[in-house]
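Below is one structure, written out as C-alpha cells, with a few remarks after it.
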Amino acid sequence: MRYTDYFLPTLKETPADAEVVSHQLMLRAGMIRKNAAGVYSYLPLGLKVIRKVEEIVREEMNRAGAIECLMPVANPAELWQESGRWDYYGKELLRFKDRHGRDFCMGPTHEEIITDIVRSHVKSYRQLPVNLYQIQTKFRDEVRPRFGLMRGREFIMKDAYSFDTTEEGANTSYHKMREAYCRIFERCGLKYRMVEADSGAIGGSFSHEFMVLAETGEDVVISCDSCSYSANIEKALVVDRGERATAALNPVERVVTKGAHTVADVSKMLNLDPAQIVKTMIVMVDETPVAVLIRGDHELNLAKIKNLLGASVSELATVEQIEKVTGGPVGFSGPVGLKLPIYADNAVKYLRNMGVGGNEKDIHLEGVNLERDFSVTRFADLRNAAAGDPCPHCGGRYVNTRGIEVGHIFKLGTKYSEAMKATFLDAEGKSKDIIMGCYGIGIGRTAAASIEQNHDEHGMIWPLPLAPFQVQVVVLNPKDDAVRTAGEELYRQLLENKVEVLLDDRDERPGIKFKDADLIGVPLRVTVGARGVAEGTVELKERAGGEQSVVPMADIVSRLKQQIDAALAS
RNA sequence: CGGAGCGUAGCGCAGCCUGGUAGCGCGCCUGGUUUGGGACCAGGAUGUCGGAGGUUCGAAUCCUCUCGCUCCGACCA
C-alpha cells in the first residue's frame, strides 16, 4: 500500500477523552474513530489488525474441529423468553421493536440462537458432537463503556458452542477449546494466563478465563508463587485455616463511636486492630436481604455469596434497605439482635471479643462473641483472596497481578438445552438433553490488549502476527529521482514476494515520517535515503528492539522475508 | 445507578467569574525557502460557541430545561 493512496489519518496530539494507552494510540494512529459511547468505527489500519486476530482465531478454531457459521445480530424475543434470559439479562440487553411491534434484542451472546438451530436439526446421537462458531458483532449495553475497544458496547467477538452427548465428550470438547485458546494467544504474541473463573451471567458448571497480563487490566488475577494455580479474584479459594482464640470472653460493652463509618475510624476509636473488627454487610441476594460478616481487614466477595446461595444476583443493599432491616444507619450494622440470616466468612469463626456495629447511630459494641451474642447460619469462604494468602494446592503464597480478560470458556452443561428442549435420542432410543459448552474471544479487546502489552513512549510495537503491515518502507526524499526509484523498486519486489508493505512515499520531512512509523508500530522499517542509495544500501530497523543495520540493497528482500517467516513460524 | 467534570474551528485549548457580537497553538489551502527525527517566511479559509427556552437594548458569558461525552464510585459498615 502506498501511503499517498491510503487513508491513515494520524494525530499529533492525544485526544482528551482517551485514558488508557491502547485507546490513545489507536485514536492517534487512525485505527478507530468513536461514533458514540462505546461504539467505534474501524478505520482501514484498525481493521487490518482486527482481521489478523480474526484469521488466527479462525485457523485455530478450524484446526480444533469447530465449524464456522454466522448468526443474526437481531434476535427475536421469543428465544430469549424461552431461556428465561429476556427477564434475567437486564438493561445490558438492548431491546427494540420492529414495525409490527414485535420484540427483538441485539444479540449480546448467542446461546439461544445456536441452541434453537441445533435443536431443530439434531435429533440423533449420530449427529453429535458438533461445535459451531462465528465471528460477529455483539452489542451489550454496558453500564459504563470505557477504554476504547477494551470495553465497548458494540464489539467483535468469536463465539463457539459445543454440543455433546456425554459428560466425557463435553469435557473433551472443552479441552480442545482450551488448547486452541492457548495456541491463539501464543500466536498473537501475548503474555497471558489461563485462570479459573466464576461463570457469571452465562451460567454453567466451570470455566476458565484467558487473561492478558497488563497493569491497566480491569480484573485481578490471583496466582500461586510456587504452583500453577491461577484464578480470578472472584473465584480464588481462600483456605479455611486459623486457631480459635483462647482469650477469656469479655462482657459486651456499648461504645459511642460518633461519626465512625469505616473500619479505619472504628479501629482508631475502639483502639482495636481491624482484624478484631467484624464488618456486617447487608447484601441483597435475589432481592432478599442477608447479612454477611467479614473480618475488618478483609474484603467481601459478592460472587462467592451469590454462588453459596445458588442465587443469580447479589448486590450490596442500598442505604434505605440497610436502615430498614437493621434499624440503624449505614456504617453501624452489626450481627447482635439482627433478624436476618447471617453468613460469615470462615475467618470470623476464629475470633473472640470482636468489635461490631450496634445497629444504631454512633454505637458500636465491643467484646462480642459467637454463640453467646449471636449465631451464624453458615460459615463459608466469602472474602476476596489477597496477596500473601496460602495456596490451597501447595504450600505457596498468593500474589496478585492485573489482567485483561480476552477469552472465556464455559462448560455449560444442560442449562440451555434443558430450558429450550434441545434433546437427542441416544443409542437406546432414550431422549436426553444435549450437553453444551461455550467459548468466547474478544477480537478487538485482544488487539487492544496487545497494545497495552507492547508499546513505548513513541507508539505501538506490533508483534509480527498482528501487525497491520509487516514492513514499512520510508522513502526519505521522493523528489530525488534515484531515491524514489530505489524505493519504488524495493516496494515492487516486496509486493511480488507477498510481503505486506506500506510505502511512505509522502513528500514530507523525514521527522514526520519517522514519528508516524514509530506511532503505527510496523515491526520492520526500511529507510531509503540519498546516502544509502549512492552506496547501494538501505537501513533496516526493528521497531521492537530498536536494532538498526545497514543492508545491501541486493539482500534486503531476502533478509526481510527471512525475518517475517521466522516470526510467523513460531 | 450515585458522584464529579466537560461540550467554543479537524485536534488540543483560552475567553465565561465582571454580558458589548470569538481567539491561540497545531492541522488545512496558496506561494516560496527547506529536507536523516514532528522546519521556516508570507498570505488565506474554517465556527448555527452541543440544543431549546428565558433574562437583557445586547448572551459563548447570567438563569432554566435538555442532549451528548469523560472520569470516579458502586468495598459502605
Side-chain angles (χ1 to χ4, degrees), chain A residues 9-20 23-24 27-28 30 33-39 90-92 142-148 220 233 257 259-267 274 277-284 291-302 305 314-323 325-326 328-335 338 355-365 382-384 386 458-459 474-480 483 506-519 525 527-533 538-539 541 548:
Chain A
T10 59
L11 301 173
K12 206 161 162 181
E13 281 167 295
T14 302
D17 56 4
E19 198 66 16
V20 299
H23 188 196
Q24 294 174 346
L27 289 169
R28 282 193 54 204
R33 173 161 180 101
K34 184 174 70 190
N35 301 111
V39 177
K91 285 186 182 166
E92 267 192 34
E142 294 274 352
V143 193
R144 183 141 100 87
R146 59 185 135 180
F147 306 151
V220 176
I233 195 161
T257 47
H261 289 278
T262 65
V263 168
D265 295 341
V266 176
S267 163
I277 295 170
V278 168
K279 310 190 263 202
T280 303
M281 332 256 295
I282 308 300
V283 178
M284 303 302 290
V292 181
L293 307 188
I294 301 287
R295 215 171 76 181
D297 56 335
H298 290 155
E299 289 179 353
L300 169 66
N301 181 314
L302 283 170
I305 181 75
S314 65
E315 55 189 356
L316 290 172
T318 62
V319 174
E320 295 75 35
Q321 287 166 329
I322 292 170
E323 282 174 13
V325 299
T326 68
V330 171
F332 297 92
S333 305
L338 200 60
V356 301
N359 293 325
E360 56 181 295
K361 187 164 162 51
D362 297 338
I363 295 295
H364 275 80
L365 306 179
L382 294 174
R383 72 169 172 98
N384 277 340
H458 303 295
V474 178
V475 179
L476 282 191
N477 191 343
K479 280 183 174 163
D480 178 326
V483 174
R506 291 176 298 172
D507 182 19
E508 292 285 359
R509 296 172 64 83
I512 291 179
K513 296 183 177 185
F514 291 139
K515 290 286 183 192
D516 274 338
D518 287 344
L519 174 62
R525 187 182 90 193
T527 306
V528 181
R531 286 203 302 261
V533 168
V538 292
E539 271 169 35
K541 186 172 185 188
Q548 201 161 336

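Chain A is the first sequence line, chain B the second, and so forth, proteins listed ahead of strands; every chain is numbered from 1.
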Say we look at U18(B) and C67(B): how far apart would their P atoms be, to the nearest angstrom?
29 Å
Can you find a heavy atom in the side chain of Asp516(A) that is under 4.5 Å from one in the side chain of Arg506(A)?
yes
Taking A77(B), G36(B), U35(B) as options, the one with an atom nearest any side-chain atom of Val263(A) is A77(B)
Side chain of Phe514(A) only, heavy atoms from C-beta on: which candidate in G37(B), C72(B), C69(B) is closest?
G37(B)
Within the side chain of Asp507(A), is there an N or O that forms a donor-acceptor pair under 3.5 Å with the backbone of Pro478(A)?
no
Could you tell me how far apart Leu27(A) (CG) and G10(B) (C1') are, to the nearest whole angstrom?
14 Å
Just by distance, do the side chain of Asn359(A) and the backbone of Gly328(A) share a donor-acceptor pair under 3.5 Å?
no
Return the value, rounded to whole Å, for the distance between atom CG of Leu11(A) and atom C1' of C11(B).
6 Å
Among the nucleotides A74(B), G38(B), G37(B), which one has an atom lying closest to any side-chain atom of Val143(A)?
A74(B)
Tell me whether the side-chain N/O atoms of Lys479(A) come closer than 4.0 Å to OP1 or OP2 in U34(B).
no
So what does Thr280(A) hit on the nucleic acid, given a heavy-atom distance under 4.0 Å: a base, only sugar-phosphate, or nothing?
base
Among C1(B), A77(B), C71(B), the one nearest Glu19(A) by side-chain distance:
C71(B)
What's Asn384(A) touching, base or sugar-phosphate or nothing? Going by heavy atoms closer than 4.0 Å.
base
Of the candidate nucleotides C13(B), C69(B), C26(B), which contains the atom at the shortest distance from the side chain of Lys12(A)?
C26(B)
Heavy-atom closest pair, residues Ala18(A) and Leu27(A)
CB-CD1, 3.8 Å
When we call it a touch if two heavy atoms are under 4.0 Å apart, what does Glu539(A) touch: a base, just sugar-phosphate, or nothing?
base
Watson-Crick or G-U wobble mate for G43(B), both contacts under 3.5 Å
C29(B)
Which part of the nucleic acid, if any, lies within reach of Lys34(A) when heavy atoms closer than 4.0 Å are counted: base, sugar-phosphate only, or nothing?
sugar-phosphate
When all nucleic acid strands are considered with a 4.0 Å heavy-atom cut-off, which category describes Gly331(A): base, sugar-phosphate, or nothing?
base
Nearest to the side chain of Pro510(A) - U35(B), C1(B), U70(B)?
U35(B)
Base partner of U61(B), which must satisfy Watson-Crick or wobble distances under 3.5 Å
none
Quick one: label Gly357(A) by what it contacts on the DNA or RNA (base, sugar-phosphate, nothing), any heavy atom closer than 4.0 Å.
nothing
Separation of G38(B) atom C1' from Leu476(A) atom CG, nearest Å, is 14 Å
Length of the line joining Lys515(A):NZ and C26(B):P, which is rounded to integer Å:
17 Å
Between the base of G25(B) and the side chain of Glu13(A), is there a donor-acceptor distance below 3.5 Å?
yes
Shortest side-chain distance from Arg144(A), nucleotide among C71(B), A77(B), U70(B)
C71(B)
Is a donor-acceptor contact shorter than 3.5 angstrom present between the side chain of Arg525(A) and the base of G37(B)?
yes
Could you tell me whether the side chain of Asp518(A) has a donor or acceptor atom within less than 3.5 Å of a complementary atom in the base of G37(B)?
yes
Could you check which nucleotide pairs with C24(B) in any of the strands shown, counting Watson-Crick or G-U wobble with both distances under 3.5 Å?
G12(B)
Between atom CD1 of Ile512(A) and atom OG1 of Thr10(A), what is the distance when rounded to the nearest 0.5 Å?
9.0 Å
Who pairs with G68(B) - Watson-Crick or G-U, where each distance is under 3.5 Å:
C6(B)
Can a side chain N or O of Arg509(A) be found less than 4.0 Å away from OP1 or OP2 on C40(B)?
no
As its Watson-Crick or G-U partner within any shown strand, both distances under 3.5 Å, G37(B) has none
Counting the atoms with a prime plus P, OP1 and OP2 as sugar-phosphate, which does Ile294(A) contact under 4.0 Å by heavy atoms, base, sugar-phosphate, or nothing?
nothing
In this structure, how many angstroms lie between the P atom of A77(B) and the CG atom of Leu338(A), rounded?
17 Å
From CD of Glu142(A) across to C1' of A74(B) the rounded distance in Å is 15 Å
So if I take every side-chain heavy atom of Ile512(A) and compare against G12(B), A77(B), A39(B), which nucleotide ends up nearest?
A39(B)
Return the OG1 to NZ distance between Thr257(A) and Lys361(A), rounded to the nearest 0.5 Å.
9.5 Å
Calculate the interatomic distance between Arg506(A) atom CZ and G36(B) atom C1'; express it in whole Å.
15 Å
Rounded to whole angstrom units, what separation is found between the CG atom of Asp362(A) and the P atom of A77(B)?
15 Å
Heavy-atom side-chain proximity of Ser333(A) to Ile322(A) below 4.5 angstrom:
yes
Record whether the side chain of Arg146(A) comes under 3.5 Å of the base of G73(B) through a donor-acceptor pair of N or O atoms.
no
